[in-house]
There are 2 protein chains.
Amino acid sequence: MAYSIQTVAKKTGLAISTLRFYDKAGLLPFVARDSSGYRAFTDGDLALLHTIVCLKNTGMKIADIRRYIELVMAGPTTAKDRQALLAAHREVVVAKQQEIARSLAEIDYKLQMYASPDAEAKVAQEWALASADKEKNGLPNPFTA
Amino acid sequence: MAYSIQTVAKKTGLAISTLRFYDKAGLLPFVARDSSGYRAFTDGDLALLHTIVCLKNTGMKIADIRRYIELVMAGPTTAKDRQALLAAHREVVVAKQQEIARSLAEIDYKLQMYASPDAEAKVAQEWALASADKEKNGLPNPFTA
DNA sequence: CCTTGCCCTAAAGTATGGTTTAGGGTTTAT
DNA sequence: ATAAACCCTAAACCATACTTTAGGGCAAGG
């Protein structure tokens, strides 16, 4: 009925070593042990682990995930704290997503330049401008392949 | 006319130590030195540095950014290679953005639960289910705060 | 009984991306 | 000519997140 660490690794895509690392880091205090000292994961544990993976995927640090899990373990009275923690994290993630989108837009601009019919000419011009910029400042020109 | 490392740090928001680290890592082969051995950044250098920051912001590894810069330094003939490199990176970034969006949606689902009027009841029920899941498997129940 | 395939811990090692420290020149204003 | 404010390198150090290694126990089949 309970899952072995290997089974959970396959179900989640996490390495066995990662699961043990998370456990040691305090992320899996809810995982029980069988009579041999082996970890025994229940379906409920998988649900919590899934939440941990979501937090990890969105860039939350181990220490902060641990804080969230501690609140969960402390019982229903910590609901407000969990909400605050997740809401704050949400804002961080959204901001980072926007920053990435902005940088990606600039990369797309370059890609569009490279894809244009006169890409060659544009790249050559960039090159000429960078060279001129060096000469103008009386500096050695590294753009002389 | 050229910018000192401190000026560039302020303009870009990068730490001076980070700029030196990038230089040592081969990301800034285009930055010249003045007669005292001080780095002298031109406006063209800032443009290239900006591209580097975009790649960094989107999660590109230093080693891959260096590869891109190497192509730039090698001249206009490498335009096709640069395009391929950026296009491949773009796909990686878009995929990661989507994965983050999926995880964020799950976090939002939890937030919505915490925000509902009967949040208390829902959290208590979650708690009860997790406990039952342990008992069902004859395992010690850690949810007993 | 013993091999095979699981499981365990503790500790060391790896990868990445920086930051800090130590020691030392340069430039500028007083 | 000296202090303050810059700049430099090399190398050590740090944080984060894992992975690998070493040594060993448990369980089932032949």
Side-chain angles (χ1 to χ4, degrees), chain A residues 1-29 31-42 45 49 52-69 89 92 96 99-100 103 137 139-140, chain B residues 1-29 31-42 45 49 52-69 89 92 96 99-100 103 137 139-140:
Chain A
M1 303 294 102
Y3 307 110
S4 72
I5 196 171
Q6 185 174 220
T7 303
V8 173
K10 278 169 188 158
K11 275 177 184 280
T12 61
L14 297 172
I16 289 179
S17 60
T18 302
L19 287 166
R20 291 207 260 243
F21 170 74
Y22 284 176
D23 196 1
K24 196 160 56 173
L27 266 50
L28 313 179
V31 175
R33 301 300 181 107
D34 67 16
S35 54
S36 297
Y38 295 3
R39 290 174 185 84
F41 292 79
T42 64
D45 293 347
L49 186 48
I52 289 171
V53 168
C54 281
L55 294 176
K56 188 200 78 154
N57 279 347
T58 51
M60 189 181 282
K61 287 186 184 180
I62 300 280
D64 294 333
I65 299 178
R66 180 173 51 217
R67 174 74 188 132
Y68 177 75
I69 294 296
H89 178 59
V92 170
K96 189 155 47 178
E99 191 194 2
I100 293 173
S103 288
N137 287 285
L139 297 169
Chain B
M1 301 296 101
Y3 308 111
S4 72
I5 196 171
Q6 184 173 220
T7 303
V8 173
K10 280 170 187 157
K11 275 177 184 281
T12 61
L14 297 171
I16 289 179
S17 61
T18 302
L19 286 166
R20 292 207 259 245
F21 169 74
Y22 284 176
D23 196 0
K24 197 161 54 171
L27 266 49
L28 314 178
V31 175
R33 301 301 181 106
D34 69 14
S35 53
S36 298
Y38 294 5
R39 289 175 187 83
F41 292 77
T42 64
D45 294 347
L49 186 49
I52 288 171
V53 168
C54 282
L55 295 176
K56 189 200 77 156
N57 279 347
T58 52
M60 188 182 282
K61 286 186 183 179
I62 301 280
D64 294 333
I65 299 178
R66 180 174 52 218
R67 175 73 188 134
Y68 177 75
I69 293 297
H89 178 58
V92 171
K96 190 156 44 180
E99 192 194 1
I100 293 174
S103 288
N137 288 283
L139 297 170

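Throughout, protein chains are lettered first and strands after them, A, B, ... in sequence-line order, and every chain is numbered starting at 1.
- An OP1 or OP2 oxygen of C:dG25 is reached within less than 4.0 angstrom by no side-chain nitrogen or oxygen of B:Arg33.
- Counting to the nearest Å, the C1' atom of C:dT21 and the CZ atom of B:Arg20 are 12 Å from each other.
- Side-chain proximity of B:Gln6 to the nucleotides D:dC18, C:dG18, D:dC6 is greatest for D:dC6.
- Contact of the A:Tyr22 side chain with the A:Ile65 side chain is not registered, since no non-hydrogen atoms from C-beta on lie closer than 4.5 Å.
- DNA chain D is contacted by both B:Ile16 and A:Thr18; B:Ile16 maps to the nucleotide lying nearer its 5′ end (nearest heavy atom per residue).
- Residue B:Arg66 qualifies as enclosed at atom CZ: its count of foreign heavy atoms under 6.0 Å is above 12.
- Rounded to an integer number of Å, the gap from CE of B:Met60 to P of C:dT16 is 15 Å.
- Distance B:Asp23 CG to D:dT9 P: 7 Å, rounded to the nearest Å.
- Side-chain contact between B:His89 and B:Tyr68 is absent, with no heavy-atom pair separated by less than 4.5 Å.
- The distance between atom CD1 of A:Ile5 and atom C1' of C:dC6, rounded to the nearest whole Å, is 11 Å.
- Between the CD1 atom of B:Ile62 and the C1' atom of C:dT19 there is a distance of 14 Å, rounded to whole Å.
- In this structure, A:Arg39 reaches the sugar-phosphate backbone alone: every heavy-atom distance under 4.0 Å involves primed, P, OP1 or OP2 atoms, never a base.
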Check your understanding: Which letters describe nucleotides 24-29 of chain D, given B = protein heavy atom under 4.0 Å from base, S = only from sugar-phosphate, - = neither?
Key -> -BBS--
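- Candidate nucleotides D:dC7, C:dT20, C:dC7 were compared by shortest atom distance to the side chain of B:Ser17, and C:dT20 ranks first.
- Comparing C:dC7, C:dG17, D:dC18 by their nearest atom to the side chain of A:Ser4 picks out C:dC7.
- Distance, B:Phe41 CZ to D:dC6 P: 16 Å, rounded to whole Å.
- Within the structure, a side-chain polar atom (N or O) of A:Tyr22 is placed less than 4.0 Å from OP1 or OP2 of D:dC18.
- Among the protein residues, B:Ala15 comes within range of the sugar-phosphate backbone only, with heavy atoms under 4.0 Å from sugar or phosphate atoms but none that close to a base.
- For the pair B:Phe21 CZ and D:dA12 C1', the computed distance is 14 Å after rounding to whole Å.
- When the nucleotides C:dC8, C:dG17, D:dA10 are ranked by their closest atom to the side chain of B:Lys24, D:dA10 comes out on top.
- Under the salt bridge (charged side-chain N to carboxylate O under 4.0 Å, His left out) criterion, the residue pairs touching residues 9-27 of chain B are B:Asp23-B:Arg33, B:Asp23-B:Arg39, with sequence neighbours excluded.
- Note on B:Ala25: nothing from the nucleic acid sits closer than 4.0 angstrom, heavy atoms only.
- Put simply, CG on A:Asp64 is 15 Å from P on D:dA15, counting in whole angstrom units.
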